[in-house]
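Working notes, structure below.
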Amino acid sequence: MTSVYLVSDPRMTLHRPVQPPEGQEQHRQLDPPCERPERIVRIMERLQELEHVLVGFRRNSDANNDRKNVAAGKLQGDGGMEGTPMPFVRSTCSPVSRETVTLLHPGEYYDKLRATSTLSDGVLHQLTVDTLSGDDVYYHNDTFLAATLACGGVVGCIDSVLGGAGMTVAKHHQIPQAQGYSSGSGTVSDNEDLGNESPRDVASFPDGNSSDNGNGGGSGGGSGSGSGNAITSNNTTATPIRPENSASRALAIVRPPGHHACQSRSMGFCFLNSVAVAAKYALTQHSSKCQRVLILDWDVHHGNGTQDLTYDDPNILYVSLHRIAKQGSKLYFFPGTGRPDEVGHDAAEGANLNVAWDIRGVGNVEYAAAFSELILPLVSAFDPSLVMISCGFDAAEGDLIGDCLLSPEMYYRMTRSLLATAGISVPTVVALEGGYNLDVITDCAEAVALALLDEPWAHRVELTRSSAFEVAASEGNDSHTKLRERNEVFGSSIDSSNIDMVKDMSIRSVDMVKDMSIRSIGELQEDPSCASFNASTIMESVRQIISDDQSGAGDDGEGNGDGDGDCDSSSTSSLDIHSSLRHLKAVEGDDPGSISGGLALPSPIISPPQLTAEERLRAGRTELSSFWNYDSPSARMKGMGAKKSAIRCINQSIRAIRNTSRWRDGTRLRTKEIPNQNEFVPLVSTRNRRNAAMAAQSVEDMNASLGNVSMR
C-alpha cells in the first residue's frame, strides 16, 4: 500500500497583502489577490477528507474476503486503527537555510528579502505598489518566513524521498510564536529578528493523524506526543522521516509559489525558486543517488525563473507546458517567455523543452498529445533519477487566469503517465505552484494525490459517492459545518489517538446510513442484473446495520461490543453500506473475491520496475489513451478534434528539441511530427455502409413480401 509524504505549514498563510495607509484604497490587483492563503488551506482540507475515506477503505480491505462481514457491514478485527497504513505521512516545514538558497540565488538577494521582515506596513505597501504592476508581487512582514518555509518544505521532501543526510546548519534563531500554532522546529535560519513579536493570526489546517510510530509528528510542542520526526531539509538536528514502507513520493502544499523567481528578482507571486533550489540541492547533497533531475512544469505560465536557473545545467531537464502570446501579436501573456527555440545553452543544449500554446482553450486532448508524442519519449531517453513536478493548476477549466480546459482527470493521467514512464522506483516530489480558483484547485490536487497513492481514477467516483463528508454536507450534518468553521489544519504535532479524531469529526450518523441504504436499494431495483433480488433480504440487512449503529455496540471481530462509539465496525457501516448493498448479488454467489466492500485497495497500476525503458514508455502512453490513442491504426485518429493550432505548437517543439546536439542523432529520442487530427470519428467504412444498406433493403423487401402474403 503506497504512502506519500504530505508537507505543508500553516505559517505560510501569514503571507498576505498589508492594509494600505488610512485614506488610501487597496490596489485593485490585491482586492482580493489571486495568490491568497486560502489556497493551501482548502487543499489541505480536501486531502484530509480524502484520507479519512481511504483509511476506512484500507481498514476494510481484509474484511472483503468475509462475505458475512461485508453483507452485514461489519469489520474484521478489533476495529482499531493500529497498524493501518496511513495514506499520508505528514510534516510541517522548516525554513530553508541561507546556505541552501545560495546554491542558486545570491546571498545579497536572500538578505534583501529577509530585510522585509522588519519594514513597517506603510513601507511594505509602497514597496508592493512600486513592484506590483511590473512584477506581480506583494510584501508582508512574514513574506520572508513564508518563502523560506515553502522552499524548506520542498528541500525537505528531497531529503525524505532520497533518504540521506544533507547539510547541517549551526545557526538558528527563535521565531515569534504565532497565535493558535505551535511551531515544529521553532526556528528560522539566519534570521536575527522578524520584527513582529505580537501574536499573529495563523490559519490552521485539518488535524492530521499518523500511525503509532509517530511519523508525521512535529519535533516541537503542541498537544500531541511530539515524538515524530519532521521533514527538515537538514537545517535542524531532526532527521528526515522515513515511514516503514520507505515512501519515495512527496506532495508539498506550499506557498508562495516559486517558478517565476529568478536569480535576483522576485516576480509572479514568487520569491525563492523552491523547485530549482531543491533540484540543485539533490544533485549536490545526494549525488550518489541523484545524477539527473527532471523538472516538469505544467503551470499555465512559463516558469521563467526555473528556466533561467537551470539553463546551463545538463543534469537538469526542464520541461514546461504553458501559454504564450502569438509571435508578432500585440497581446501579452505573463511572463512572455518560453519560446520553443529556447532549448538550453552549451553543454545543456537539449535539456530545456518548451511546449508553448499560442492559443487559448487548450484541453485534455492537446495535453495528452504533447505528453504521448514528445514529453514522455524525452523523459524516457533522459532517464531521470529524480522527478520533480512544478504543479500549477491554472490550466484547469474554470481557473481565473489560465483560459484552458484541463479536467482533474487529466492531472491524474499526466501524473500517472509520468510515474509509469520514469519507473515506480524513481523518487518523485510534487510542489504546488499556481492555480487560483479555490474549488478547482482542490479537485485537481485530490486527483494528483490519488495518482501518487496508486489509486485508480475509477475510485474517485466512488469516493465522491461514499465520502462521509460529502454525505454530511448534503444532509446538513453539522459535523461538516464545524470542520469548515474550525478550518483546522494539522500543526507541528499530530494527535496519536485516531479514535478520538473519528469521534470528534462525527462523520457517521444513522440518518446517513438510512439515506445511503434507500438510495442503494433504488439503484438495485433499477439495475436489470439485480431484478431477481429479494428486497426483503436487502431491507433485513439494512435494519440490522441501522440497529447496530443506534445501539452503538459494534462487533470488534471477537464478538465483543465495546459500545463507546470508537472506531469500531458500526462506525464505518456508512462507508460500507452503499457498496455492500450494490454487491449483495456477489455475496449470494460463489465468488467472494468479487466483493469490493467499498474500495478494495488496488495493486499498483503502473509499470513494475523490471520493465525496459520501451515498455515503461508504452505504459505511460497507455495512461493517456482515453484522450490520445498513440497506437491508433490511423495517425489522424489518435485524438479526435485536437485543435490544429495546438498540434502546430507541439510540432514546433518537436523540431526544436530534435535538432539539438543532444538528441540530433535520433537514436535515443525517436519522435516525429503529428499530422492534424480528424474532426470526428467516421461511423463505418464505405464497404460496411454498403453492406448495411443492402441488409436493410433485404429486410424491407422481406417485410413487404410478408405483408403481401397476409393481404391475400
Side-chain angles (χ1 to χ4, degrees), residues 6-9 12-13 15-16 29-30 32-47 49-50 136-138 146-147 150 153-154 203 205 250-261 267-271 273-275 295-306 320-323 333-335 338 357 360-364 367 388-415 418 429-452 460 489:
L6 179 60
V7 179
S8 195
D9 198 301
M12 290 183 288
T13 63
H15 168 63
R16 61 192 71 190
Q29 290 180 238
L30 301 179
C34 288
E35 204 293 296
R36 46 184 167 159
E38 292 82 359
R39 295 173 63 240
I40 62 173
V41 174
R42 288 284 295 274
I43 290 175
M44 291 302 294
E45 285 181 351
R46 174 63 67 84
L47 296 181
E49 296 171 7
L50 173 65
D136 282 333
V137 292
Y138 61 82
V154 180
F205 294 173
L251 177 59
I253 307 301
V254 294
R255 70 174 290 268
H259 71 149
H260 293 307
M267 63 183 299
F269 311 129
C270 305
F271 301 92
N273 200 309
S274 303
V275 170
I295 300 177
L296 176 61
D297 187 344
W298 60 47
D299 190 284
V300 78
H301 301 93
H302 179 239
N304 58 304
T306 307
S320 176
L321 301 97
H322 55 272
R323 282 191 59 193
F333 195 86
F334 185 89
W357 314 115
R360 65 179 64 189
V362 181
N364 297 341
Y367 270 75
M388 302 192 72
I389 301 177
S390 282
C391 186
F393 295 124
D394 40 8
E397 184 174 9
D399 185 79
L400 306 176
I401 297 176
D403 231 355
C404 289
L405 302 172
L406 292 190
S407 66
E409 181 180 0
M410 189 57 199
Y411 284 101
Y412 174 90
R413 296 296 173 192
M414 290 190 296
T415 307
L418 190 59
V429 175
V430 179
L432 179 66
E433 295 285 358
Y436 307 104
N437 182 317
L438 298 183
D439 294 326
V440 170
I441 63 175
T442 53
D443 289 342
C444 296
E446 179 185 56
V448 171
L450 284 170
L452 293 173
R460 187 174 185 270
V489 190

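Scanning both residues, N437 and D399, for their nearest heavy atoms gives N-OD1, 3.8 Å. Across W298 and T415, no two heavy atoms sit closer than the pair CH2-OG1, 3.4 Å. For V300 against C404, the heavy-atom pair with the smallest separation is CG2-SG, 3.9 Å. When all heavy atoms of C270 and A261 are compared, the pair lying nearest together is CB-N, 3.6 Å. What you find for A150 and R255 is that their closest heavy atoms are CB-O, 3.6 Å. Taking each heavy atom of G434 and D299 in turn, the nearest pair found is N-OD2, 2.9 Å.
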Next on the checklist: Checking S407 against N364 for the side-chain contact (heavy atoms from CB on, under 4.5 Å) test, could you report, in this order, the C-alpha distance in whole Å, the side-chain angles of both residues, the deciding distance, and whether it holds?
Outcome noted: CA-CA 7 Å; S407 66; N364 297 341; 3.1 Å; yes
Checklist entry - Are I389 and L418 close enough, and set up right, to give a side-chain contact (heavy atoms from CB on, under 4.5 Å), and what steps lead you there? => result CA-CA 10 Å; I389 301 177; L418 190 59; 3.7 Å; yes
Item to check | Evaluation steps, side-chain contact (heavy atoms from CB on, under 4.5 Å), between L406 and Y411 | outcome: CA-CA 8 Å; L406 292 190; Y411 284 101; 3.8 Å; yes
Next on the checklist: Let's go through C391 and E433 carefully: what are the C-alpha distance in whole Å and the side-chain angles of both, what is the deciding distance for side-chain contact (heavy atoms from CB on, under 4.5 Å) to 0.1 Å, and is it a yes or a no?
Outcome noted: CA-CA 5 Å; C391 186; E433 295 285 358; 5.7 Å; no
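Rounding to the nearest 0.5 Å places CD of E38 at 10.0 Å from CD1 of I441. Note that CG of L432 and CD1 of I40 are 8.5 Å apart. Values are rounded to the nearest 0.5 Å. If you take NE2 on H322 and CG on N304, they are separated by 9.5 Å, rounding to the nearest 0.5 Å. Within the model, atoms CZ of R46 and CG of L438 stand 11.5 Å from one another, a figure rounded to the nearest 0.5 Å. Between the CD1 atom of I253 and the CE atom of M12 there is a distance of 9.0 Å, given to the nearest 0.5 Å. One distance of note links CE of M388 with CG of L296; it measures 11.5 Å at 0.5 Å rounding.
Side chains of M44 and L6 form a contact here, defined as non-hydrogen atoms less than 4.5 Å apart. D297 is not listed as a side-chain neighbour of L321, based on a closest heavy-atom distance of 4.5 Å or more. Annotation: side chain of D394 is in contact with side chain of Y436 (closest heavy-atom distance under 4.5 Å). For the pair R323 and R360, the minimum side-chain heavy-atom distance is below 4.5 Å.
Between the side chains of T306 and N273, at least one donor N or O sits under 3.5 Å from an acceptor N or O.
When atom types are taken as modelled, the side chain of H260 and the backbone of H302 share a donor-acceptor pair closer than 3.5 angstrom.
Partners of H15 under the ring-ring contact (aromatic ring centres under 6.0 Å, His included) rule, at least two apart in sequence or in another chain, are Y138, F271. For E397, there are no salt bridge (Lys or Arg N to Asp or Glu O under 4.0 Å) partners at least two apart in sequence or on another chain.
Between F269 and F334, the distance from one ring center to the other does not fall under 6.0 angstrom. Note: H301 and F333 meet the aromatic proximity criterion, with ring centroids under 6.0 Å apart.
Ring geometry for W357 versus Y367: interplanar angle of 30 to 60°, hence tilted.
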